[in-house]
Amino acid sequence: MISRFVFCFSVFLSACFYPTLIAAPDDIAGVVTLPAPGARCMIQSDRLSLLVIGTWSVQGGQLQTYALDGRGQPSGEPNIITLPRAEPLSGLNHGPVSLAFHPTLPLLYAWQDVAGTDPRKPPPADLVHKHLDHLLIYEVNKDQLKLVDQLARGPAFGHGFDDGTLATNATGDRLYLPNLRRVSEGDASRRPAPVLGFASLDAKGRVVIGDDGVRLFTQSTRGLIDPAQSHPWGIIPASDSAVIVGAPRAVMTWEIGQSPVYSYMFMSNAPGQVDICAHPDQPLVFATTRGGSLAYRVRHAHGYVTMVPQSFTVSSVRFTSAPVVLSGRQPQAVAAGAFGATTAGGRFVALMPLDDQGRYTGKLQTLTVGGAVRALAYSPKFDRLYVPVEEVDR
Amino acid sequence: MGCFCCAAAEARTIELDIDDCTGAATISADAPRLSWAGDGSPLTFYTTLWASATPAQSILVRYDLSRIPRGVRITSAHWIMPLYGRQPDECRFFIWRVLADWGPGVCHLYRRTLPDSAEWSRPGGTASGVDRAIRPIIVDAKAIRDEPVNVTRDVQTWYHEPATNQGWMISVEDQGTLVRFRSPIGAGRDHWKLRITYEPE
């Protein structure tokens, strides 16, 4: 695969300064672009030598799996797995919202959803509650996936979203689920309130089932999340008692207890979602504003956001994906999909280098790709940044 | 970003702001593990929208003074504090020099939890002479405006003994008092200034 690169150096600082673009055509090492029209999510595992891209389509959502060779390069053509979709849901836009690997077992978790063609009008609730299992569990064998379970059906699971985050904790006994809802008994007129929560996993990585279906632990979000919004936008289960989530305008600590307590660190005066990712080795969270130009570095201590965040505006950039940390290279960097008015082609991956303390250095590199970038994945072992694109120049 | 201007012959003034801070927090007995237990709904959610001091809640701020050149004499230091509201109208707040080192994970229970956990001598950092200084600066919150407070002696001490610089704690000690500031990491981040004037020794 040959991709066309435009390599720009920009200097960005606070709002007092304006970026200076210095165009220097070059290749950025370690970037792998992959054709994946409709890509919404992606995940990579060095342990399993596997890359998985989730794509949406009215014809049906799919997972593309690539086995990775000894250099982290996709070997051969992808294996295509069509997500299960009941006949009554045909004609709806359909696909995976988020993907997660079990930390030790060869299992892939996928959260799927359906959406109408008009994003303001979700599909009828009765139809979805009756026919859609949101959670799919696959056994992984190289690039082959075998569906071993599908569950999470009903009003407790919000629908009509193409965003939200699925995540396991480090010990593999919790699976945090996106877009959960709490339905008030006996009052169907009330809109289901968004809640944060997780399902318990057994020793085989399977969801624990109770008398009423998936056994969920949920806690109210206290009105911090709008029922019309997907949530959360990144989950960092730093401990079993404190989890960091990306929230509207904020990076938030969710203190899990008898009664939840939230520490809501406002990131932006502008509305919109804040996407987060964790540094793999340091207690740091990196955040970007979706559709905005703000980037943040937030320290945490065992899941509690703390101290003064580093923040800045990346002028002429609008972020389109959650960030990822390129921890296997020097200097380390944070990458996110973006679009802007000053880069040829308009759609690119923004790379923001870090210093040895994990602070942004104020430089910006941009990599032009074909089409909007909604997801990224990274291999720290091979220092490979995987970018799904609508089309790839050959 | 600091501003650099000449106030008098050979005297110079710099302004430190929140980007010069090595730490800030609002800690609360109501949410004893949160570093940012600011305004919100008590016992449920706390935001960084404001920074308030109440009998259960205090604010911590620490500036890095390394931008001040060596070999100078600090002649004045004023902390511009973006006071936003108070209750009752006639009330006061206290500024304490913090004595115990604090860092990531600072909260009501701990002065830090990284790289290792260390508790305050008394929860909330209120142990006199151990967590915080014995005598505070007492400020009358008379008007809602950016209130400059004379902190010259504290800054002089930290300039000469950098290892003792653990910043300040803002608290209220009178029941029923609330003093609210613009948040140091939100919309108010441009308002927290430490203005220091120095001259060659």
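In the text below, chain A, chain B and the rest are named by the order of the sequence lines, each starting its count at 1. If you're wondering where the values come from, they're calculated on a predicted model, not measured in any experiment.
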A/Pro309 versus chain B, heavy atoms under 4.5 Å apart: side chain, backbone, both or neither? both
With a 4.5 angstrom heavy-atom cut-off, which part of B/Arg112 approaches chain A: side chain, backbone, both or neither? neither
Spacing of OH belonging to B/Tyr46 relative to CE belonging to A/Met252, to within rounding of 0.5 Å: 14.5 Å
Proximity breakdown for A/Arg299 and chain B, heavy-atom pairs closer than 4.5 Å: side chain
Can you name the nearest heavy-atom pair linking B/Gly103 to A/Thr306, along with the distance? O-OG1, 4.4 Å
Do you know the tightest heavy-atom contact between B/Arg189 and A/Ser311? NH1-OG, 3.6 Å
For A/Gln310, is it the side chain, the backbone, both, or neither that has a heavy atom closer than 4.5 Å to a heavy atom of chain B? neither
Quick one: which of B/Leu60, B/Val106, B/Leu34 has the most heavy-atom pairs under 4.5 Å with chain A, could you say? B/Leu34
OH (A/Tyr262) and OG1 (B/Thr47) are apart, to the nearest 0.5 Å, by 15.0 Å
Using a 6.0 Å cut-off, check whether atom CD of B/Glu173 has over 12 heavy atoms from anything other than its own residue. yes
Does any N or O in the side chain of B/Thr44 come within less than 3.5 Å of the main-chain N or O of A/Val261, such that one atom is a donor and the other an acceptor? no
Minimum-distance pair of heavy atoms, taken over all atoms of A/Ala301 and B/Leu114: CA-CD1, 3.7 Å
With a 4.5 angstrom heavy-atom cut-off, could you sort out which part of A/Phe266 is near chain B: side chain, backbone, both or neither? both
Greater than 12 external heavy atoms within 6.0 Å of B/Arg195's CZ: no
Supply the atom-to-atom distance B/Trp36 CH2 to A/Thr253 OG1, rounded to the nearest 0.5 angstrom. 12.5 Å
Side chain to side chain, A/Tyr264 and B/Thr48, heavy atoms closer than 4.5 Å: no
Distance-minimising heavy-atom pair for A/Met307 and B/Gly23: CE-CA, 3.5 Å
Could you state the interatomic distance from CE (A/Met265) to CG (B/Leu49), rounded to the nearest 0.5 Å? 13.0 Å
Please look at B/Ser183 and chain A and tell me whether the side chain, the backbone, both or neither of the residue comes under 4.5 angstrom of a heavy atom of that chain. neither
Please look at B/Ala25 and chain A and tell me whether the side chain, the backbone, both or neither of the residue comes under 4.5 angstrom of a heavy atom of that chain. neither
